Amino acid sequence: MASNQSGSGIRRGKREMASKVMHSDVDVTVEKRYEGLLPQQLLDLYRLMYLSRRIDDREILLKRQQKVYFQISCAGHEALLVAAAANLRSAYDWFFPYYRDRALCLALGVTPEAMLLQAVGAKDDPASGGRQMPSHWGSREHNIVTVSSPTGTQFLQAVGCAEAGRYFTHHPAADAKVDGDYREFKDVQHHADEVTYVSAGEGTTSQGEFWESMNTASIRRLPILYVIEDNGYAISVPVRYQTPGGNISRLVANFPNFHFEECDGTDLLESYAAMRRAVEHVRLGNGPALVHGHVIRPYSHSLSDDEKLYRPEVERKKDAERDPIARFQKFLIAEGILDAVGAQNLQREVDAEVQTAADNALDAPFPEPSSYTRHVYSENLSPTAKSFDSLPVPEGGDRTMADLINKCLRDEMRRDERIVIFGEDVADCANDEYLEDKKLKGKGGVFKLTTGLQREFGSDRVFNSPLAEANIVGRAVGMATRGLKPVVEIQFFDYIWPAMHQLRNELPLIRWRSNDAFSCPAVVRVAIGGYLTGGAVYHSQCGESIFTHTPGMHVVFPSNALDAAGLLHTAMRCDDPVLFLEHKRLYREPFGRAPYPGPDYTIPFGKARIWKEGTDVTVVTYGATVPRSLQAAQRLEREHGISVEVLDLRTLNPYDFDAIAKSVRKTSRVLIVHEDMLSWGYGAEIAARIGSALFDHLDAPVQRVAAKDTFVAYQPQVEDAILPQADDIFAAIQKLNAY
Ligand SMILES: Cc1ncc(C[n+]2csc(CCOP(=O)(O)OP(=O)(O)O)c2C)c(N)n1
């Protein structure tokens with residue numbers, strides 16, 4: 001149950017300000033404390049707040065001088081943030097801040113110079129090496145996980161991070177370094193009582209991912225501290241148009257297991273007390289907490305915004321009266337902790353520090369223009385490496401692709417305790433206790449690919465996610481950045497889209513945008529494709545080119561059981577994110593069955609398979625059009641004596657252009673076949689590259705066979721007309737051969 005829920009979630013701290021404690025017989029003078037803080041600690045916090053503001057001011061100046069190119073400030077949020085930091089532990093707890101959290105990062109140990117290096121885009125910017133805008137924090141040293149620009153993607157990652165910390169505590173042997181796979185390059189640290197901090201503005205609580213994260217944090221009682229920094233506006237939109245009733249505390253108040261605080265975030269002591277109670281709840285393992293701090297935003301949304309366009313002077317003036325720095329300075333002076341001279345000295349000192357940091361940043365070298373190629377993928381371990389080339393050790397009779405994928409998952413989970421599997425319906429049975437009843441067979445995925453895994457490995461390694469795809473991928477991102485190996489399942493490719501933010505802007509981008517400080521080698525398995533007879537619009541989609549168009553992510557699309565096993569082993573050992581596309585129609589197809597190849601059968605990425613050699617026409621294909629192309633090729637050879645070479649790409653990013661080129665040089669005629677629609681499809685890129693690199697070797701224009709430019713219909717006759725059939729491939733090869 002929630003440990004602290006008043007109607008509005010409000011709980012205000014009372015100040016303890018005893019200055020002298022009189023014991024019965026001794027007069028002990030005790031230094032006055034403020035919410036437990038000594039005067040010197042208050043001065044330290046004040047200094048951090050002032051330092052934060054002055055860095056913002058300096059960046060604004062530099063932006064006006066066109067020496068930095070963007071500015072977004074922490075102004076008005078400083079008190080709430082230093083109060084949070086004062087209750088947390090740098091390099092021990094984990095941090096998913098947002099762009100306003102300068103004061104928090106300073107308090108955690110990020111230097112003003114590091115911040116200004118990012119502002120000028122310097123090579124030595126420790127957060128991103130000049131790749132990200134200012135205030136996109138990231139520091140491996142301080143456990144500040146690389147911040148991105150999309151609002152709200154950090155919430156589910158924080159959930160995954162907290163889950164990873166808990167997992168490593170329960171599986172202490174899993175954090176060992178192991179040579180030969182991604183574990184060699186992933187340092188793991190964890191603490192049983194660590195807290196994961198995540199913050200955002202109040203506007204960002206409108207994002208669905210915020211609510212998805214609250215669900216999971218609450219259900220799993222995760223050690224997460226949410227901080228919602230409510231400055232009343234999301235760019236120009238006031239909170240009451242964003243949040244029903246204008247108060248997020250009221251809306252979240254009934255989430256179980258949470259501790260809630262609502263405070264005046266411009267009041268340092270009130271914020272400190274709220275944070276202290278919240279962090280205590282989390283650190284003791286009672287569940288998550290959410291602190292909702294009311295702050296101000298005196299410097300507009302960013303330097304690209306002018307709030308005078310939409311906020312009247314009277315409202316802005318009222319806000320200014322609550323400026324946390326002026327308020328706290330006044331308080332310190334009233335309490336005799338600071339005087340006018342002390343304040344001046346402190347300001348002079350801070351200004352000099354900022355000046356030196358700015359001078360150093362302005363003198364710092366920029367990244368080499370050609371450096372953009374670095375860290376798109378792991379430079380330590382490539383899935384194309386020879387070390388992944390192995391031979392199967394066949395055992396038993398032929399098995400389906402579904403069987404061998406299941407075996408592969410099982411083998412890798414035995415080999416690597418960092419692997420966790422989750423997704424919709426992937427567990428055998430959500431209720432652990434039912435599993436003791438051996439008569440219950442268990443679910444194990446809608447296609448039964450994960451069957452038996454929960455039974456063997458337990459419910460903390462194989463479990464169901466909520467019905468929410470962003471939840472699945474977002475949590476996987478958080479786990480993988482901590483060193484776990486999440487292998488998650490998206491039930492149908494058609495429903496991958498809610499996870500798109502995480503799949504496009506986070507998972508594949510984390511290594512590049514952090515300049516290799518963080519990485520995210522998760523595996524996302526997805527059931528894809530049509531030819532289902534009745535699969536219709538929403539159970540038949542392809543769309544692989546959307547993901548091959550995303551740098552930083554490998555895309556795999558096997559056509560048969562043996563390749564599926566070998567490529568999945570490689571994916572799970574790989575140091576990069578992998579989108580692993582499994583064709584539903586091929587799961588149990590008689591085509592391409594194979595004996596179990598052993599637990600260590602790996603296939604390198606980027607190596608095509610030649611199914612059939614030929615001399616007249618090359619067919620380049622993958623997935624479910626492989627058996628259809630083979631059928632057409634065999635018939636052409638039989639009936640017309642046309643010799644067709646069939647090349648199965650197996651992995652779409654990277655892909656084996658050398659194999660394509662070798663074949664095209666031999667045949668001079670090439671047909672690209674894929675199941676996804678023709679226009680803007682995967683074949684367009686291959687055709688363009690063949691056209692420019694192999695023009696001199698071609699005797700005919702490059703041709704393509706693919707789905708019609710529409711979705712897939714339910715009625716089987718119409719479905720057949722839409723998807724490429726063996727007859728279409730047959731006709732295209734015949735025409736190409738005759739050209
Ligand atoms: C997904 C997404 N949509 C839109 C934006 C553009 N944008 C950046 S900040 C912002 C407003 C955020 O407001 P709030 O969460 O209240 O935080 P604040 O900036 O006020 O601290 C918007 C719309 C974005 N970065 N990401």
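One-based numbering, in listed order, for ligands and for the atoms of each. All values below were derived from every heavy atom in this structure, side-chain atoms included, with hydrogens, water molecules and symmetry-related copies excluded. In this text the structure is predicted, and so the values were computed from the model without any measurement.
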Face-on cation placement of R53 at Y299 ring, 6.0 Å and 45° thresholds =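 Satisfied, under 6.0 Å and within 45°.
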
inquiry  = Looking at F518, I'd like to know if the NZ or CZ of R511 sits under 6.0 Å from its six-membered ring centre while staying within 45 degrees of the ring's axis.
reply    =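 Geometry flag: not set, cation outside 6.0 Å or 45°.
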
May I ask which of [options] has a heavy atom nearer to [atom] than the others do?
| atom | options | answer |
| --- | --- | --- |
| atom 19 (O) of ligand 1 | Y99, Y98, F210 | Y99 |
| atom 15 (O) of ligand 1 | I72, T204, V295 | T204 |
| atom 17 (O) of ligand 1 | G201, C74, P150 | G201 |
| atom 3 (N) of ligand 1 | T151, N231, D101 | T151 |

query = Quick one: are the ring centres of Y272 and Y34 less than 6.0 Å apart?
reply =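 No.
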
message = Any protein heavy-atom neighbour for atom 6 (C) of ligand 1 (distance below 4.0 angstrom)?
response =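 No, no protein heavy atom sits under 4.0 Å from atom 6 (C) of ligand 1.
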
Proximal ligand 1 atoms for Q207, defined as those under 4.0 Å from one of its heavy atoms =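 Atoms satisfying the 4.0 Å criterion: 1 (C).
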
Contact atoms of ligand 1, heavy-atom distance to H501 under 4.0 Å =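 This gives 1 (C) as the contact atoms.
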
Heavy-atom distance under 4.5 Å between the side chains of [X] and [Y], does that happen here?
| X | Y | value |
| --- | --- | --- |
| F210 | Y226 | yes |
| V295 | E78 | no |
| V488 | V523 | no |
| L346 | Y50 | yes |

ask   = What's the shortest distance from atom 23 (C) of ligand 1 to any protein heavy atom, and which residue and atom give it?
value =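 Protein heavy atom at minimum distance: I235 CD1, 3.7 Å.
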
Proximity flag [X] to ligand 1, non-hydrogen atoms under 4.0 Å:
| X | result |
| --- | --- |
| R100 | yes |
| R297 | no |
| S149 | yes |

inquiry  = So for ligand 1, is G203 a polar contact partner (N or O within less than 3.5 Å, distance only)?
reply    =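 Between G203 and ligand 1 (N or O atoms, distance only) the closest approach is under 3.5 Å.
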
key: Backbone or side-chain N or O of H77 under 3.5 Å from ligand 1 N or O   =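 For ligand 1, there is no N or O atom that lies under 3.5 Å from one belonging to H77.
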
ask   = Would you find more than 12 non-hydrogen atoms of other residues, nucleotides or ligands less than 6.0 Å from Y92 atom OH?
value =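 Counting neighbours around OH of Y92, more than 12 heavy atoms of other residues, nucleotides or ligands fall under 6.0 Å, so yes.
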
Please work out whether any backbone atom (N, CA, C, O) or any side-chain heavy atom from C-beta onward of [X] is under 4.0 Å from ligand 1, and answer side chain, backbone, both or neither.
| X | value |
| --- | --- |
| Q242 | neither |
| E229 | neither |
| Y233 | backbone |

key: Parallel, tilted or perpendicular: rings of W497 and F547 (30°, 60°)   =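 If you compare the ring of F547 with that of W497, the planes turn out parallel.
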
message = Between T266 and D323, do the side chains contain a donor N or O and an acceptor N or O under 3.5 Å apart?
response =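 On atom types as modelled, these side chains do not qualify, holding no pair under 3.5 Å.
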
